[in-house]
Amino acid sequence: MTGRADRIKMQTPLVELDGDEMTRVIWAWVKELLLEPFVELETEYYDLGIQERERTHDEVTVAAAHAIARLGVGVKCATITPNAERVEEYGLSCLYPSPNATLRAILDGTIFRCPILVEGIRPYIPTWTKPITIARHAYGDLYKAVDLLIDQSLAGSTVELVATAPSGAEKRLLIHDFVMHDDPSGVVLGMHNTDRSIESFARSCMEYALETRQDLWFAAKDTISKVYDRRFLDIFERVFEQDYRTRFAAAEIEYFYTLIDDAVARVIRSEGGFIWACKNYDGDVMSDMVATAFGSLAMMTSVLVSPNGVFEYEAAHGTVQRHYYQHLKGEATSTNPVATIFAWSAALRKRAEMDANAALVDFSYRLEEATRATISSGAMTGDLYALAHRENATRLTTRAFMEQIAARLEG
Ligand code: NAP
Ligand code: MG
């Protein structure tokens with residue numbers, strides 16, 4: 001079918017970041033079955049597979065990040081983040097950093113995770129009829145904290161926060177006096193964030209809310225954390241008042257702040273359909289809760305939005321290693337390709353919108369509809385089969401499932 005005369009053309013290439021294991025297999029099938037028959041794909045290709053990262057000493061990841069910054073839109077396959085076992089398995093010369101961390105460090109920005117809802121696959125919270133997008137501030141707080149054990153050798157210590165300015169000016173605050181004979185040991189923690197990082201997070205969230213025309217919720221614990229969390233709230237409010245209040249009103253969307261515990265209660269009672277901006281730790285915890293409650297990690301997409309309007313799309317799950325080893329043994333797996341398909345459809349749509357390519361925008365929606373309709377008709381992969389509330393559901397292999405989507409796209 002490739003080479004069909006009526007395939008949709010692209011004006012600007014998409015940055016394509018290939019990856020590892022089962023998702024690399026799925027990646028090739030998405031292109032073969034669902035994209036190339038319909039679109040004359042133009043991509044700038046970077047192979048972020050672990051062997052190529054080893055061969056290039058990870059320069060390929062840096063090059064890919066700069067390509068996304070240059071061209072504006074990228075789509076990424078899941079990749080291995082090496083640990084000691086992977087070093088052994090692939091004979092790596094070092095523990096390369098997570099490609100996602102490298103990309104984020106270069107592009108900056110915020111990761112938005114959004115579930116894909118399909119008729120027939122009900123979320124655990126029945127009122128959640130629209131997706132809840134979680135925006136996690138992925139800098140600082142607990143994740144860049146220093147902590148200290150006040151053990152025998154430090155028992156009875158007085159622990160202080162000390163700030164020393166370049167001028168020599170100093171400010172000290174008592175954290176705790178571990179009184180020698182009373183309660184002499186314990187733990188302490190020091191953490192930080194920066195105004196610039198918080199502001200960049202606020203802007204990314206507000207841009208994405210406008211982009212997707214959804215309300216933006218932000219929550220922290222400023223009643224208890226009167227300086228630290230209060231700073232987040234103040235910066236969000238300043239950015240909103242300065243640059244977004246009018247645009248939000250025009251788009252008929254809202255920004256609202258509430259306490260984190262109130263937010264959790266409201267989220268559970270809500271119908272979904274909004275962006276929930278979370279501080280780093282809240283985002284780590286709540287994104288797993290939301291993903292699980294919506295059914296499956298395999299139905300969760302993820303987009304990195306930089307404050308200067310660059311987009312990188314991917315599936316939220318990893319390389320599905322266990323399935324890959326089955327695949328290597330020649331067994332057909334029933335791995336869910338939906339998040340990978342939706343990463344491609346969203347990236348193509350963003351590219352198409354930037355290029356005013358109506359035919360490609362239309363195709364991106366048709367691909368998503370064909371995928372949803374295939375599942376709603378009862379044809380699905382094993383993970384969804386286990387969740388399906390219907391009698392006519394069938395469990396298909398990955399490839400057979402994708403062939404059904406392709407058939408719907410043809411039809
Ligand atoms: P994983 O790939 O997310 O898979 C964990 C388990 O979740 C799978 O074994 C499978 O459960 C289920 N699952 C995930 N995606 C699925 C899908 N599409 N279809 C069906 N089931 C799915 O996590 P992992 O196996 O712990 O990690 C493997 C590698 O991925 C690691 O090297 C890690 O570094 C990397 N990783 C990469 C990214 C990324 O690039 N963004 C993110 C996370 C992890 P069952 O086994 O029960 O079927
Ligand atoms: Mg987590």
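One is the number of the first residue; the rest follow in order along the sequence. All ligand and atom numbering here is 1-based and tracks the order in the structure.
Residue-environment remark: CD (Gln242) exceeds the threshold of 12 foreign heavy atoms within 6.0 Å. Atom CD of Gln11 has more than 12 neighbouring heavy atoms from other residues, nucleotides or ligands inside a 6.0 Å radius. Counting non-hydrogen atoms of neighbouring residues, nucleotides and ligands closer than 6.0 angstrom, the OH atom of Tyr124 reaches no more than 12 such neighbours.
Those atoms of ligand 1 with a heavy atom of Thr81 less than 4.0 angstrom away are 32 (O), 34 (O). Atoms of ligand 1 found under 4.0 Å from any heavy atom of Thr335, numbered from 1 in the order shown, are 17 (C), 18 (N), 19 (N). Contact atoms of ligand 1 toward Ala298: 16 (C), 17 (C), 18 (N), 19 (N) (distance under 4.0 Å to a heavy atom of the residue). Taking every non-hydrogen atom of Ala78 and a distance limit under 4.0 Å, the qualifying atoms of ligand 1 come out as 40 (O). Atoms of ligand 1 found under 4.0 Å from any heavy atom of Arg86, numbered from 1 in the order shown, are 29 (C), 31 (C), 32 (O). Which parts of ligand 1 touch Lys76 is read off a 4.0 Å heavy-atom cut-off, strictly below it: atoms 40 (O).
Residue-level proximity to ligand 1 for Arg322 is carried by the side chain, the only part with a heavy atom below 4.0 angstrom. Under 4.0 angstrom from ligand 1, the non-hydrogen atoms of Asn100 all belong to its side chain.
Residue Gly318 has at least one nitrogen or oxygen atom sitting less than 3.5 Å from a nitrogen or oxygen atom of ligand 1, judged on distance alone. Polar contact check, Glu21 against ligand 1: no nitrogen or oxygen pair lies under 3.5 Å apart. Here's the thing with Ser334: none of its N/O atoms is less than 3.5 angstrom from an N/O atom of ligand 1.
Counting protein heavy atoms only, atom 14 (C) of ligand 1 is closest to His317 CB, 3.9 Å. Summary of contacts: the protein heavy atom closest to atom 25 (O) of ligand 1 is Gln321 N, 3.9 Å. For atom 28 (C) of ligand 1, the closest non-hydrogen atom of the protein is Thr319 OG1, 3.3 Å. Protein heavy atom nearest atom 22 (C) of ligand 1, with residue, atom name and distance: Val320 CG1, 3.9 Å. Residue, atom and distance of the protein heavy atom nearest to atom 37 (C) of ligand 1 are Thr79 O, 3.0 Å. In this structure, atom 48 (O) of ligand 1 lies nearest to the protein heavy atom His323 NE2, 2.7 Å.
For Arg136 and Tyr143, the positive end sits near the middle of the six-membered ring, less than 6.0 Å away and at most 45° from its axis. Judged by the 6.0 Å and 45° rule, Arg349 forms a cation-pi pair with Tyr365.
Here Lys279 does not pair with Asp284 in a salt bridge; the nearest charged N to carboxylate O distance is not below 4.0 Å. A salt bridge does not link Arg196 to Glu199: none of the charged side-chain nitrogens sits closer than 4.0 Å to a carboxylate oxygen. Under the 4.0 Å criterion applied to side-chain N and carboxylate O atoms, Arg55 and Glu52 are assigned as salt-bridge partners. Residues Lys76 and Asp18 are not paired through a salt bridge, judged by the lack of any N-O separation under 4.0 Å between the basic side chain and the carboxylate.
Distances from atom 5 (C) of ligand 1 to the protein include no heavy-atom value under 4.0 Å. Atom 12 (C) of ligand 1 is not flagged as protein-proximal [any protein heavy atom, distance under 4.0 Å].
To the nearest 0.5 Å, the span separating CD1 on Ile375 from OG1 on Thr381 amounts to 7.0 Å.
Two rings, from Phe38 and Phe363, have their centers less than 6.0 Å apart. Taking the six-membered ring for Trp and the full ring otherwise, Phe218 and Phe236 have centroids separated by under 6.0 Å.
When Leu384, Asn336, Asn83, Ile50 are ranked by how near their heavy atoms come to atom 18 (N) of ligand 1, first place goes to Asn336.
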